[in-house]
**Student:** 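What follows is a single structure, and I will ask about it in a moment.
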Amino acid sequence: MHRIIIDRNHELHIHNSSFSVYSNGLRLFRFFVKSTMPVDGNDDSGETVKLIEKGESKAIWFGTGGAFDKKEYTVRVIDKGFVFTTKITGGGTPDRIEYFSGPKGSVGSHFAVSGFMLPGAQSDNEKSALKLIEGTAGVIEPLRECPPPYCFPFCNDYNDEWCGIGVTTRAGNQNYQRFIFDAPRNGWKENGCRFVLPLGGYTEIKDEWKAPTIWCGFAGDAYSVWREYSEWSYSHYGFKKNIPAENAPSWWSEPIFCGWGEQCATRDREGTDNAPDYADEAHYELFCKKINSLGIDPGIIIIDDKWQKQYGTLAPDTDRWSDLRSFADRRHAEGRRVLLWIKCWSPEGLPDDECIFVNGERFSADPTNPKYLARLKKAVYNLLSSDEGCCNCDGFKVDFMDNHPRMGGAVTYEKGVAGLELMHRLFGAIYEYAKLAKPDALINASSCHPYLSEFCDQFRIHDFDPFLRNPISAMSYRAKTAQAVMPGVLIDTDGFSARTAYEQMRIFEAAEKTGVPDLYFFPEFFTEKDWEKMRTIFKRNK
């Protein structure tokens, strides 16, 4: 056995075909370096591994006899942890990578951790996000956080320290959209683990390829794990960070009124079926008059679903908005800004040759297609520019970010672009075109990953079901996760709703402390005393 010292509290023990991770004398993992990559009908299980180098800060193993000519596995110490890299020699199109899968017939590597924090689910708070390892898989994928940090913070019963295992890689190589912690069981006899990265057949290896890197770091809590994972990604791969609040235009921090909740309330009052029917100029003028009559003073108005004629084309519906420019100019005269809600990926109104097809079915807009990008650029300019004939709005609330094509079967204009890379193309294009049209445009979004943080000016906490009964803790959990990944990012608290005046006011008070307050609807159960408090919360330039 060979020891590699990470720092005074952490070390690695190097073995012939594995390495063990120690924290304060306690073993957390024993990882078999063999990582299978099924390709072209070969399950890759026949590989044998041999240790060929061991030094003060790294160890190297060679793997031969599998689906590829050779693999080179390296574990290398970094500040506060280590990285595990895999270099492939050969060719093929792998379906997935099973990191640390271990010898053929085994259930995987050994672990002594007891649970992990799972980012990204709609109802998450710290309690619901903490999952015990019970022989089931944990899956990180783009949902409400789109994408979330691709890193599992692990806790254990032996000390108060957390250990993070994440995946990341250079720009252009992130053709995946899930990261899976798989902990299979063999009855009462044995359990194990491996980390699975589905590739969906989008990555073609020719001669030599470096697989996405496994990162491991140590910290005092889950948020600190995500912070260390993100900082390493920023520093090592050169990803650009978000604009922190202290460097942002002051109006980005002003309270928000988003019309979606009041659209829904209007639908309910009128006994109709479709809240998007009320995303028209007449109703939004009424909403603005209501804001003024109540004496609250949001600095941002968000026009929600569905001001556009067709989701995919982003052209205003002139039957609903006879003059969107005039509406925006009236708000500007009041000292307010106007954001437009957009539905990502929607193919509505787009020709087939600007769309992604999945298994032969038209699925979404294609951000790898120059024709679609040209359309998007022109539409964004028309919506945001102050030039004559344009709408002079001030940014976008980017929604349905998780409606991207799922792994497998998607056909894009540019072959081999999938997962995080496809998201990077679309969100990057929206961001770039918005800033070209109006440099201080605000992009409100739900991305929470270091690779996409530069496209998120304001993190949206996202929807919450009031019957789940934990709105304030959920708000806190999501905000702290975003701040860990994107330091200093503004937080849109996103109008969580409750069923009583008492609970609703507690939510708004928490929102004021958490980030930017966001009013979705006018609670009919509020008294004048409640509205007096709201005037304080929704006051600009505090």
Side-chain angles (χ1 to χ4, degrees), residues 240-259 284 287-288 291-292 294-304 325 327-342 380 383-387 390-398 427 430-448 452-462 475 478-480 482-495 508-520 533-542:
K240 295 181 180 179
K241 293 184 179 181
N242 54 285
I243 299 173
E246 61 187 18
N247 297 334
S250 60
W251 71 267
W252 289 8
S253 301
E254 292 183 344
I256 298 168
F257 171 77
C258 175
Y284 270 80
F287 300 160
C288 290
I291 288 169
N292 292 333
L294 291 169
I296 57 176
D297 193 19
I300 299 170
I301 306 295
I302 299 179
I303 304 174
D304 216 285
R325 172 63 180 258
F327 179 88
D329 287 348
R330 288 193 293 275
R331 303 292 78 78
H332 293 164
E334 298 169 350
R336 296 186 173 121
R337 307 298 179 112
V338 177
L339 301 192
L340 299 171
W341 173 93
I342 58 176
V380 169
L383 294 170
L384 301 189
S385 174
S386 61
D387 291 350
C390 298
C391 298
N392 199 23
C393 294
D394 301 285
F396 297 119
K397 172 183 175 178
V398 184
F427 306 155
I430 293 170
Y431 194 88
E432 176 188 353
Y433 301 156
K435 301 298 181 174
L436 286 172
K438 183 166 287 184
D440 71 340
L442 172 60
I443 303 301
N444 171 299
S446 303
S447 55
C448 190
L452 285 88
S453 66
E454 63 177 308
F455 309 136
C456 183
D457 295 330
Q458 186 180 66
F459 175 77
R460 178 188 170 208
I461 282 180
H462 235 289
M475 186 189 304
R478 298 180 195 179
K480 287 192 290 186
Q483 291 283 3
V485 175
M486 301 181 292
V489 70
L490 286 164
I491 302 294
D492 170 13
T493 54
D494 207 38
F508 282 126
E509 289 172 342
E512 183 183 25
K513 297 174 183 177
T514 301
V516 178
D518 191 341
L519 178 66
Y520 264 51
K533 175 67 175 176
M534 290 290 285
R535 292 179 196 116
T536 301
I537 295 173
F538 283 81
K539 182 179 181 180
R540 286 183 279 167
N541 301 320
K542 293 178 288 185

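Keep in mind it's a predicted model, so treat the numbers as computed, not measured.
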**Student:** In Å, rounded to the nearest 0.5 Å, how long is the span from SG of Cys393 to CZ of Arg325?
**Tutor:**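 One finds 9.0 Å between SG of Cys393 and CZ of Arg325.
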**Student:** Pro298 versus Ile256: any side-chain heavy-atom pair under 4.5 Å?
**Tutor:**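 Counting from C-beta outward, Pro298 and Ile256 never come under 4.5 Å.
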**Student:** Of all the heavy-atom pairs spanning Phe459 and Ala482, show the shortest one and how long it is.
**Tutor:**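 Residues Phe459 and Ala482, closest heavy atoms: CD2-CB, 3.4 Å.
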**Student:** Quick check for you: to the nearest 0.5 Å, what is the distance between Asp457 atom CG and Met486 atom CE?
**Tutor:**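 Between atom CG of Asp457 and atom CE of Met486 there are 10.0 Å.
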**Student:** Output the distance between atom CG (Leu442) and atom CG (Leu490), rounded to the nearest 0.5 Å.
**Tutor:**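 Answer for the CG-CG pair, Leu442 versus Leu490, is 8.0 Å.
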**Student:** Check each of Leu383, Ile302, Leu339 against Phe396 using the side-chain contact (heavy atoms from CB on, under 4.5 Å) test, and report the only one that passes.
**Tutor:**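 It is Leu383, the one option of Leu383, Ile302, Leu339 that forms the side-chain contact (heavy atoms from CB on, under 4.5 Å) with Phe396.
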**Student:** Are the side chains of Pro255 and Arg540 in contact, using a 4.5 Å heavy-atom criterion?
**Tutor:**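 They are in contact (side-chain heavy atoms under 4.5 Å apart), so the answer is yes.
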**Student:** Between Met534 and Leu519, is there a side-chain heavy-atom distance shorter than 4.5 Å?
**Tutor:**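 Yes, close enough: below the 4.5 Å cut-off.
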**Student:** Is the shortest side-chain heavy-atom distance between Ile300 and Cys258 below 4.5 Å?
**Tutor:**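 No, side chains not in contact.
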**Student:** Check whether any side-chain heavy atom of Asn392 lies under 4.5 Å from a side-chain heavy atom of Lys438, and answer yes or no.
**Tutor:**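 Side-chain contact under 4.5 Å: yes.
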**Student:** So, for Ala437 and Leu384, which heavy atoms are closest and what is the spacing to 0.1 Å?
**Tutor:**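 That would be CB-CB, 3.9 Å.
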**Student:** For Thr493 and Val516, which heavy atoms make the closest approach, and how far apart are they?
**Tutor:**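 Residues Thr493 and Val516, closest heavy atoms: OG1-O, 2.7 Å.
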**Student:** List the steps and the verdict of side-chain contact (heavy atoms from CB on, under 4.5 Å) for Asn292 and Glu334.
**Tutor:** CA-CA 10 Å; Asn292 292 333; Glu334 298 169 350; 4.0 Å; yes
**Student:** At their closest point, which heavy atom of Ser447 faces which heavy atom of Cys456, and how far apart are they?
**Tutor:**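 Closest heavy-atom pair between Ser447 and Cys456: OG-CB, 3.6 Å.
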**Student:** Give the C-alpha distance, both sets of side-chain angles, the deciding distance and a yes or no for side-chain contact (heavy atoms from CB on, under 4.5 Å) between Glu454 and Tyr431.
**Tutor:** CA-CA 9 Å; Glu454 63 177 308; Tyr431 194 88; 6.0 Å; no
**Student:** Indicate yes or no for a side-chain donor-acceptor contact from Arg331 to the backbone of Gly299 under 3.5 Å, with no hydrogens or angles considered.
**Tutor:**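 Side chain of Arg331 to backbone of Gly299: no pair is present.
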**Student:** Are side-chain N/O atoms of Asp440 and Trp251 paired as donor and acceptor at under 3.5 Å?
**Tutor:**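 Yes, because at least one side-chain N or O of Asp440 sits under 3.5 Å from a partner of the opposite role on Trp251.
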**Student:** Under a 4.5 Å cut-off applied to non-hydrogen side-chain atoms, are Arg336 and Ile291 in contact?
**Tutor:**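 Yes, their side chains come closer than 4.5 Å.
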**Student:** Output, in order, the C-alpha distance, side-chain angles, deciding distance and verdict of side-chain contact (heavy atoms from CB on, under 4.5 Å) for Ile303 and Phe327.
**Tutor:** CA-CA 11 Å; Ile303 304 174; Phe327 179 88; 3.8 Å; yes
**Student:** Is the Phe257 to Phe538 ring centre distance short of 6.0 Å?
**Tutor:**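 Phe257 vs Phe538: aromatic centres not under 6.0 Å.
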**Student:** Between SG of Cys448 and CD of Gln483, what distance do you get to the nearest 0.5 Å?
**Tutor:**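 The distance works out to 9.5 Å.
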**Student:** What distance do Glu432 atom CD and Phe427 atom CZ have between them, rounded to the nearest 0.5 Å?
**Tutor:**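 Taking CD in Glu432 and CZ in Phe427, the distance rounds to 15.5 Å.
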**Student:** Any donor-acceptor pair under 3.5 Å linking the side chain of Asp494 with the backbone of His462?
**Tutor:**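 Confirmed, Asp494 side chain pairs with His462 backbone.
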**Student:** Test side-chain contact (heavy atoms from CB on, under 4.5 Å) on Glu254 and Asp297 and set out the steps.
**Tutor:** CA-CA 9 Å; Glu254 292 183 344; Asp297 193 19; over 6 Å; no
**Student:** Return the CD to CH2 distance between Gln458 and Trp252, rounded to the nearest 0.5 Å.
**Tutor:**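 Between atom CD of Gln458 and atom CH2 of Trp252 there are 9.0 Å.
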**Student:** Considering all heavy atoms of both residues, which atom of Ala328 and which atom of Val338 are nearest to each other, and what is their separation?
**Tutor:**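 What the structure gives for the nearest pair is CA-CG2, 4.0 Å.
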**Student:** State, to 0.1 Å, how close Pro517 and Glu512 come at their nearest heavy-atom pair, and which atoms those are.
**Tutor:**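 Heavy atoms of Pro517 and Glu512 come nearest at CG-CA, 4.1 Å.
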**Student:** Can you find a heavy atom in the side chain of Met475 that is under 4.5 Å from one in the side chain of Ile491?
**Tutor:**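 Contact flag for Met475/Ile491 side chains = no.
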